[in-house]
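Okay, so here's the structure we're looking at.
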Amino acid sequence: VPCKKASPFVQELHEDYKDKGLVVLAPAFRSPDEEITKYFDDHKYTYTPLPNAERLVQEYRIRAFPTFVLIGPRGQELERFVGGKPENTFPTIRKMLDRFMEEQG
């Protein structure tokens, strides 16, 4: 439920920043592929789901959901946001993205 609550905010970030080079990936696990596909289709989400992402969740040591990890162009972790209310978290994520993109030119 917390991840689904954040989905509209994630879609908005995707729409607002996709032309600036942001790629939004949504690791999903413990959900059948067809359930993920249906959820994205039903809500018309256009960012990229990653089904069967158990390994990714382990590699990034994700323990709480949702967790948002901002990864730079060279694969470095820029920032991590764990849980929280999306209406509080996403303005901070936007500020960070704007600052990072301005620094990168």
Side-chain angles (χ1 to χ4, degrees):
V1 172
C3 294
K4 288 181 177 179
K5 184 176 178 185
S7 294
F9 294 92
V10 175
Q11 177 65 32
E12 190 176 306
L13 283 178
H14 168 67
E15 289 297 321
D16 292 348
Y17 292 93
K18 67 182 178 184
D19 293 335
K20 298 177 183 177
L22 179 71
V23 176
V24 176
L25 304 173
F29 69 109
R30 299 184 189 150
S31 296
D33 292 359
E34 56 276 355
E35 183 180 309
I36 296 165
T37 300
K38 182 176 178 355
Y39 178 75
F40 271 68
D41 288 346
D42 288 351
H43 293 85
K44 302 197 183 341
Y45 293 141
T46 57
Y47 59 96
T48 305
L50 294 175
N52 305 313
E54 287 81 3
R55 183 172 169 217
L56 184 69
V57 168
Q58 289 175 351
E59 285 182 24
Y60 278 92
R61 298 177 308 275
I62 297 172
R63 306 279 186 260
F65 302 94
T67 294
F68 303 95
V69 182
L70 300 181
I71 301 170
R74 292 182 260 330
Q76 75 277 26
E77 184 173 319
L78 301 174
E79 189 64 61
R80 177 181 294 244
F81 299 88
V82 179
K85 295 181 177 183
E87 58 272 15
N88 297 333
T89 303
F90 279 84
T92 303
I93 292 173
R94 282 181 173 285
K95 286 178 188 173
M96 293 193 75
L97 286 170
D98 289 340
R99 188 182 76 230
F100 178 75
M101 290 182 178
E102 184 178 310
E103 290 170 0
Q104 297 302 307

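Please read all numbers here as calculations on a predicted model, not as lab measurements.
The aromatic rings of Y45 and H43 sit parallel to each other, their planes meeting at less than 30°, with 60° as the upper class boundary.
I36 approaches P51 most closely through the heavy-atom pair CD1-CB, 3.9 Å. When all heavy atoms of R30 and E54 are compared, the closest pair comes out as N-OE2, 3.5 Å. Heavy atoms only, all atoms of each residue included: F100 and G72 are closest at CZ-CA, 4.4 Å.
Taking the charged nitrogens against the carboxylate oxygens, E34 and K38 have no contact shorter than 4.0 Å, which rules out a salt bridge.
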CA sep, side-chain torsions, deciding dist, call: F40, S7, side-chain contact (heavy atoms from CB on, under 4.5 Å): CA-CA 9 Å; F40 271 68; S7 294; over 6 Å; no
Please test E79 against T92 for side-chain contact (heavy atoms from CB on, under 4.5 Å), starting from the C-alpha separation and ending with a verdict. CA-CA 11 Å; E79 189 64 61; T92 303; over 6 Å; no
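Under the 4.5 Å side-chain heavy-atom criterion for grouping Ile, Leu, Val, Met, Phe, Trp and Tyr, V10 is connected to L97 within one hydrophobic cluster. M101 and I71 sit in two unconnected hydrophobic clusters of ILVMFWY residues. Membership requires side-chain heavy atoms under 4.5 Å apart, directly or through other members.
In this structure, L70 and M96 have side chains that are in contact, with non-hydrogen atoms separated by less than 4.5 Å.
Through side-chain heavy atoms spaced under 4.5 Å, either directly or across other Ile, Leu, Val, Met, Phe, Trp or Tyr residues, V1 is tied to no other residue.
The aromatic ring centroids of F81 and F90 lie 6.0 Å or more from each other.
Within 6.0 Å of CD in E77 there are more than 12 heavy atoms belonging to other residues, nucleotides or ligands.
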Side chains of residues 17-29: which donor-acceptor pairs under 3.5 Å do they make with residues two or more places apart or in other chains?
unit_1	atom_1	unit_2	atom_2	d
Y17	OH	D98	OD1	2.7
K18	NZ	E15	OE1	3.4

Identify each donor-acceptor pair in which a side-chain atom of residues 59-68 lies under 3.5 Å from a protein atom, sequence neighbours left out, and give them as a table.
unit_1	atom_1	unit_2	atom_2	d
E59	OE2	R55	NE	2.8
E59	OE2	R55	NH2	3.2
T67	OG1	A64	O	2.5

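Side-chain atoms of Y39 and S31 include no donor-acceptor pair closer than 3.5 Å.
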